[in-house]
Amino acid sequence: MHKNLIIKIDEALKKLNYPADVSIEVEIPKNEAFGDLSTPIAMELAKHLKKYPRAVAEEIILALDGEFFEEVSVAGPGFINFKFKREFVLSKFSELLHKEEEFLRQKLSNGQKVQIEFVSANPTGPLHLGHGRGAAIGSALANILREAGYEVSTEYYINDAGRQVELLGLSVYYALERLFGKEVQMPEDCYKGDYIFDLAEEIYKTYGDGIKNKSFEEIGPFLIEFSYQKILKEIRTDLEEFGVEFNSWVSEKKLYHTGEVQRALINLKEAGYIYEKDGALWFRSTSFGDDKDRVVIKSDGTYTYFASDIAYHKNKIDRGYDELINIWGADHHGYIPRVKAAVQALGMSPSQIKILLVQMVNLLKEGKPFQMSKRAGTFVTLRDLMDEIGADTTRFIFLTRRHDSHLEFDVEVTKKQSHENPVFYVQYAHARINSIFAKAEKGSVKEFIGELFNEDELKIIKKLLQYPMIFELSVHFREPHRITFYLQELASLFHSYYHKYRVISEDEDLTHTRLALCKGIMIVLRHGLRMLGVKAPERM
RNA sequence: GCGCCUGUAGCUCAGUCGGAUAGAGCAACUGCCUUCUAAGCAGUGGGUCAGGGGUUCGAAUCCCUUCAGGCGCGCCA
């Protein structure tokens, strides 16, 4: 509906020879008395034209082809408010019902290749809530962009090389030692969660005394491999249950084995961005706005983590994506300038990489702050929460917030309130419609009779027609939460309607007209929930 | 000290490329189940949009500043 309006406004502006370079914004008025849609375009143009906004608005209205509109008026400081003709609204509604796919699947992209990398948690322990948040946002974003016509690829980058997995192996080694009855003190930086001891037990059960009395040098590599593979498997399982799929999993270790790390650095060197200082090799990231240059090869000859990350991004660039989206925890924000610098040095435009920072999840326990630490083993895992309140509820909680809002998460309160989580409100609307159709038996919806729709029904229909606009904004800003809020509003309208009217009655025409409305609501609810990765249950 | 993010109702959060009277859920209070699912509906109360200054026709939204909170500032990953 908003697209039709934009086209009409654009035509009017051309007729008036007004500047064509201003983008036409259309918005849903706060107050429905103002109409179905409105535009502040006249106020925008008034600045350029040095005219009064209301006068510009009047001119636009005169030049406007009014075929769709029942009423167009100037209001307030210069808004133009539009009220659509009933027949136009109904024809759009009919489109929704009969050409569901075309109506919902807007082509907002010509198949641009977008890669979204998210979660990418070190395989050194279970996923915690922060990862869950990133997972929910990343996968919803992938759904949305894919639906909008982008060619989306999702990826998990596995940090299976370097210090962290080594520490994991060492932690398991110490756990084994304890299992064998030795009094050993775990080093401070070891992981100490229960899962470490579980891993040790499992290893012992499988390999028996063969691993007894061995030094870390002897069995370290094996322990590392076994442990992180096992953890990775659990991460995959958790993500799967959480409704998150990755098209690919890329191993950091492999980047070393294939020589890609080395090659990436050679590339940078040839481009003149690498120099030597104090026995180390540096990347001149300051050339691209970073605060200081960064080491890529330490003076002891080993690579830094950043070196493999450069290689990873080069690898991504070489795969020919038009856009890279990295979803990171906000604690990595200091890392952004250097990665962007690297990407630019490798020849990609900075506008092609977007780094979405997902803010920290602040854990509370009965109102009091609660420190989460993987190393100390005090953390709430995604698995715990899913088991407790379910994947849908968990996803919904994460998707009702902007990615950069600091999320307060009180586990106890959440458990207590899970039964009144808004996700059920939305799902319930869907289940109710299903039961109406179950009762209506035949299932087939005959053509509605437009004249039979009352004001309440028309209001719902208009709400349905807003969905494509919400969806478009969600794509544009890369913000899935906009859909979450819309769905709650739509569900609210439906529940209210459901209570006030009966869909099935003796009057066959009326029944089918109302069934058509329900069908429309169902189509949109399903689509929205699918975008969020939340189930649309038939029964609750 | 420097940088990034945040501060909106009692609580959790929307609304922010400047736009009309600032919204929702929860909590509180009042009603509504012989009807297609009460995980629901109808209603009431609740706000210095952290404070101050500025920009302008217009600011929760932009700029400056103060305060408060979170997170970063390694030849760690």
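None of the values given here were measured: they were computed from a predicted structure. Residue numbers begin at 1 in each chain, while the letters A, B, ... track the order of the sequences.
For A:Ser299 against B:C75, a side-chain-to-base donor-acceptor contact under 3.5 Å is present. In terms of polar N and O atoms assigned as donor or acceptor, the side chain of A:Arg402 comes within less than 3.5 Å of the base of B:U16 in a complementary pairing. At a cut-off of 3.5 angstrom, counting only N and O atoms as typed in the model, there is a donor on one side and an acceptor on the other between the side-chain of A:Asn81 and the base of B:A20. Residue A:His332 places no side-chain atom within donor-acceptor reach of the base of B:G72, judged by atom type and a 3.5 Å distance cut-off alone. Not a single donor-acceptor contact under 3.5 angstrom links the side-chain atoms of A:His495 to the base of B:C41. A donor and an acceptor atom sit less than 3.5 Å apart, one in the side chain of A:Ser38 and one in the base of B:A20.
Between A:Arg402 and A:Glu479 no salt bridge is recorded (no basic side-chain N to carboxylate O distance below 4.0 Å). By the 4.0 Å N-to-carboxylate-O rule, A:Glu260 lies too far from A:Lys254 to be salt-bridged with it. The existence of a salt bridge linking A:Glu59 and A:Lys51 is confirmed by a sub-4.0 Å separation between a basic side-chain nitrogen and an acidic carboxylate oxygen. Between A:Arg163 and A:Asp189 a salt bridge is recorded (basic side-chain N to carboxylate O distance below 4.0 Å).
Under the stacking definition used here (centres under 5.5 Å, planes under 30°), the residue A:Tyr425 fails to qualify as stacked on the base of B:G40.
A:Met360 places its CE atom 7 Å from the P atom of B:G72, with the value rounded to the nearest Å. Per the geometry, NE2 belonging to A:His403 stands 9 Å off P belonging to B:U6, to the nearest Å. A:His476 places its NE2 atom 13 Å from the P atom of B:U16, with the value rounded to the nearest Å. Atom CD of A:Glu44 and atom P of B:G18 are 8 Å apart (whole Å).
Backbone-only engagement by A:Asp331 is indicated by non-hydrogen atom pairs under 4.0 Å involving sugar-phosphate atoms exclusively. Using a 4.0 Å heavy-atom distance criterion, A:Asn31 is classed as a base contact. Contacts of A:Leu407 with the nucleic acid, taken as non-hydrogen atoms under 4.0 Å apart, involve only primed sugar atoms and P, OP1 or OP2. Among the atoms of the strands shown, base atoms are found under 4.0 Å from some heavy atom of A:Ala75. Nucleic acid contact for A:Glu25: base, since at least one base atom lies under 4.0 Å from a heavy atom of the residue.
When Watson-Crick and G-U wobble pairs are counted only if both distances are under 3.5 Å, B:C62 pairs with B:G54. The partner of B:G3, taking Watson-Crick or G-U wobble pairs whose two distances both stay under 3.5 Å, is B:C71. Using the Watson-Crick or G-U wobble rule with both distances under 3.5 Å, B:C11 pairs with B:G25. Of all nucleotides present, none satisfies the Watson-Crick or G-U wobble test against B:G46 with each distance under 3.5 Å. When Watson-Crick and G-U wobble pairs are counted only if both distances are under 3.5 Å, B:U34 pairs with no nucleotide at all.
Put simply, A:Ser496 has a side-chain N or O that comes within less than 4.0 Å of OP1 or OP2 on B:A42. Here A:Thr304 does not reach the OP1 or OP2 of B:A77: none of its side-chain N or O atoms lies under 4.0 Å away. Not one side-chain nitrogen or oxygen of A:Lys416 sits closer than 4.0 Å to the OP1 or OP2 atom of B:C26.
Rounded to whole Å, the C1' atom of B:G23 lies 15 Å from the corresponding atom of B:U61. Comparing the C1' positions of B:A59 and B:G53 gives an interatomic distance of 13 Å, to the nearest angstrom.
Of the candidates A:Lys463, A:Lys83, A:Lys462, A:Asp36 forms a salt bridge (charged side-chain N to carboxylate O under 4.0 Å, His left out) with just one, namely A:Lys462.
Closest-nucleotide positions on RNA chain B for A:Phe485 and A:Phe306 were compared, and the one nearer the 5' end corresponds to A:Phe485.
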